[in-house]
Structure formats: structure tokens, C-alpha cells
Amino acid sequence: MDVSKLMFREDLMKDQRILVTGGGTGLGREMAESFLKLGATVYICGRRQNKLDETAADLMGAHGGKVVAHACDIRDADAIHAMVDEIWADGGALTGVVNNAAGNFISRTEDLSVNGFNAIADIVMRGTFYVTLDIGKRLIAEGKKASFLSILTTWVWSGSAFVVPSAMSKTAINAMTQSLATEWGRYGLRFNAIAPGLFPTKGMSARLSPGGSGDNSKNELNPMGRPGEMHELANLATFLMGPGAEYVNGQTIAIDGAGYQANGGTFYSQLQGLGDAEWDMMRQMIKGTNEKDKADRGKA
Ligand code: HXC
């Protein structure tokens with residue numbers, strides 16, 4: 001059964017125009033699909049044109065409507081500006097932005113280089129801000145309302161060992177969410193965030209549990225005994241982006257089965273006992289994934 005249909009009217013997002021960064025894969029794709037199904041025009045961006053084109057074709061094949069794919073690395077403010085020019089030329093202002101694109105890998109902090117830190121901070125903290133700034137300026141100039149939603153983690157409240165650049169960068173975006181909710185509220189721009197617990201995606205599993213069993217059906221550490229299901233996250237995102245939730249502003253809402261309350265939702269207890277050999281092995285596996293993705297990005 002299509003659970004989203006139980007919760008939302010079919011044309012709920014008609015006339016909405018939403019950009020989902022990192023919308024070609026994982027959580028971004030799920031949210032893009034949910035908005036499309038409910039009538040929105042959806043723009044997706046990411047670094048791999050082939051993956052984005054495939055996603056756009058799949059989603060339109062399944063649901064009709066319009067999904068437009070833009071290859072754009074959000075670390076590059078000029079590339080964002082050019083992409084947003086094209087989106088505006090394609091039908092005017094956006095009504096919503098989902099800051100979903102992210103990068104992360106587990107590592108002991110003492111093993112990180114400055115480049116390793118920047119690889120994550122440039123995407124998560126700087127890139128998310130560049131997207132928000134470019135689009136926010138246009139909306140303010142045109143007097144248009146919109147909803148911004150950022151995908152964070154509960155580490156914005158607790159920090160997390162072994163993912164320090166991600167925890168730092170997402171905490172910065174939590175501060176952006178709260179700050180702009182107040183500063184730009186008067187323009188009709190609202191800012192919220194979702195802090196998901198474990199929602200297994202390929203990109204995440206390869207970098208946060210390299211060599212894991214691949215069995216994502218259980219999550220013994222979570223009070224609910226399972227990871228999140230994609231439609232649950234997409235439903236929360238749809239609620240926050242849809243009409244009727246306009247007074248929700250400046251909030252970061254966890255969707256993690258109370259994992260944060262039960263065990264902090266961090267990597268500390270899982271990883272603090274690992275030794276040099278295990279970290280070396282995981283680093284090699286993560287780098288293998290990164291190289292493969294890089295090769296993919298070279299393809300048209
Ligand atoms: C130490 C590492 C490393 C590792 C990369 N680096 N992997 N250092 N341990 N395992 C270092 C490299 O050595 C290099 O530094 C620097 O990082 C840049 O590496 P590149 O491979 O050139 O980076 P790049 O191609 O730009 O890739 C960015 C990336 C990659 C962030 C490293 O992981 C990526 O593209 N990720 C996108 C998808 C993703 O991460 N999805 C998961 C999101 S999960 P040197 O010094 O050698 O030059 C998430 C939160 C989940 O966000 C929350 C769950 C609760």
C-alpha cells in the first residue's frame with residue numbers, strides 16, 4: 001500500500017516548485033518522489049549527472065509530472081548560481097528547498113587531514129549555506145514565500161565521536177536554521193530541519209558501517225528495534241514542506257524511534273573499542289567507495 005496516500009491529499013503540493021539537493025539517491029530521492037507524487041515540480045541536483053538522469057526518468061516514469069536534473073556540486077557557489085538561474089528561467093521562483101546533500105565518513109579524528117575535514121565541511125556547512133543564500137536573496141528581492149528544510153542528525157544536540165566534521169557542520173546548519181527562521185521570518189521564509197536516526201541508504205552504509213552485514217532490517221540499539229522506513233521520513237518532510245504547516249518555523253524535529261533518548265544515537269559505543277588494524281581496513285573500504293563514486297562522476 002502507498003502509505004503517503006493515507007496521510008496526504010493527492011494534489012497537496014500542486015503548484016509547488018521544490019529543489020532537493022542530493023536528490024538523485026537515498027533520502028533525497030525518497031523526498032523528491034513524495035513531493036512529485038503529490039503534484040509538485042521537483043528539481044534535483046547532485047554531482048553525478050548519470051545518476052540524476054536515471055532518477056528523474058524513473059520517477060517520472062512511475063508517477064508522471066516533472067523532475068528536472070541538474071549536475072551541480074554545492075561546494076561551488078558559481079555553479080549553484082548558474083543552476084538556480086536555470087530553475088528560475090524554467091518557471092519562476094522556487095517554493096521550497098530541501099538541503100539534503102551531505103558527505104560523511106567515520107574516522108578517528110586524529111586520522112583526519114585538513115582536506116578530509118574540508119571535504120565534509122565544504123559540502124555540509126558551506127555548500128548548504130551557499131544554496132540557502134543564493135535562493136534566499138532571490139526570494140527576498142521578489143517578495144516570494146518559501147520553506148527551507150535541512151536534513152541534519154541528532155548529533156547537533158550531542159556531538160558525536162568519530163564523525164566530528166559532520167557533527168560540527170550539521171550543528172552549524174542547525175544554527176543557520178534557528179537564526180534565519182527569525183531573521184528571514186518577516187519575508188515569509190521559514191526554516192526547519194529534520195534529524196533522522198538510522199535510515200539505511202547505500203551512500204551512508206558504505207561510509208558509516210563499511211563491511212557491515214548489509215542486514216538493515218534490525219536495529220537492536222533502538223527502542224523500536226528497527227531502523228526508520230523511508231516513507232516515514234518522506235511523510236515528515238512532506239508535512240513540513242506542504243501547505244498548512246506555515247507556523248512551524250525554527251524547529252529541528254528528530255525522527256529516530258527515540259534512539260537519541262535511549263543511547264544518544266552516536267557512534268561512540270559502537271566504535272570506541274576498535275584498534276589500528278580495524279580503522280585501516282575501514283578507511284580502505286571507504287576510500288574504495290569514494291573512488292568508485294568519483295569515477296561515476298566522470299561519466300556523462
Ligand atoms: C580518512 C578520508 C577518508 C577516510 C576520505 N578521506 N575518506 N580520510 N578516512 N575514510 C579524505 C581523503 O584522504 C582526502 O584527504 C579527503 O578526505 C577528500 O577525499 P576525496 O575522496 O577526494 O573527497 P571527495 O571525492 O570530495 O568526496 C567527499 C566525501 C565522500 C565526503 C569524502 O564521502 C562523498 O562524496 N560522500 C557523499 C555521500 C555520503 O557521504 N553519504 C553519506 C552521508 S551520511 P587527503 O588529505 O588525502 O587529500 C550523513 C549523516 C548520516 O551525512 C547520519 C546517520 C545517523
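Residue indices begin at 1 and follow the sequence shown. The analysis underlying the following values was restricted to heavy atoms, covering all of them including side chains, and did not include hydrogens, waters or symmetry mates. Predicted, not measured: the structure shown is a model, and the values here were computed from it. When a ligand or atom number is given, it counts from 1 through the structure's own listing order.
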- Side chains of N50 and E54, donor plus acceptor under 3.5 Å: no
- Are the aromatic ring centres of Y260 and W155 under 6.0 angstrom apart? no
- Task: Among L139, N249, L240, find the residue that satisfies the side-chain contact (heavy atoms from CB on, under 4.5 Å) test when tested with F148.
- Result: L139
- Message: Any carboxylate oxygen within less than 4.0 angstrom of a Lys/Arg side-chain nitrogen, looking at K37 and D11?
- Response: no
- Would you tell me whether E142 and W88 have side-chain atoms, one donor and one acceptor, within less than 3.5 Å of each other? yes
- Give every residue pair that meets the salt bridge (charged side-chain N to carboxylate O under 4.0 Å, His left out) criterion with at least one member in residues 61-76, sequence neighbours excluded. K66-D90, D73-R75
Could you pull out every N or O of ligand 1 that sits under 3.5 Å from a protein N or O, with the distance for each pair?
unit_1, atom_1, unit_2, atom_2, d
ligand 1, 7 (N), N290, ND2, 3.4
ligand 1, 13 (O), K287, NZ, 3.0
ligand 1, 15 (O), S113, OG, 3.3
ligand 1, 21 (O), K294, NZ, 3.3
ligand 1, 22 (O), K294, NZ, 2.8
ligand 1, 25 (O), R297, NH2, 3.1
ligand 1, 26 (O), R75, NH1, 2.9
ligand 1, 26 (O), R75, NH2, 3.4
ligand 1, 33 (O), R207, NE, 2.8
ligand 1, 33 (O), N290, OD1, 3.2
ligand 1, 35 (O), R47, NH1, 3.4
ligand 1, 35 (O), R47, NH2, 2.5
ligand 1, 40 (O), N104, N, 3.0
ligand 1, 40 (O), N104, O, 3.3
ligand 1, 46 (O), S113, OG, 2.5
ligand 1, 48 (O), N115, ND2, 2.9

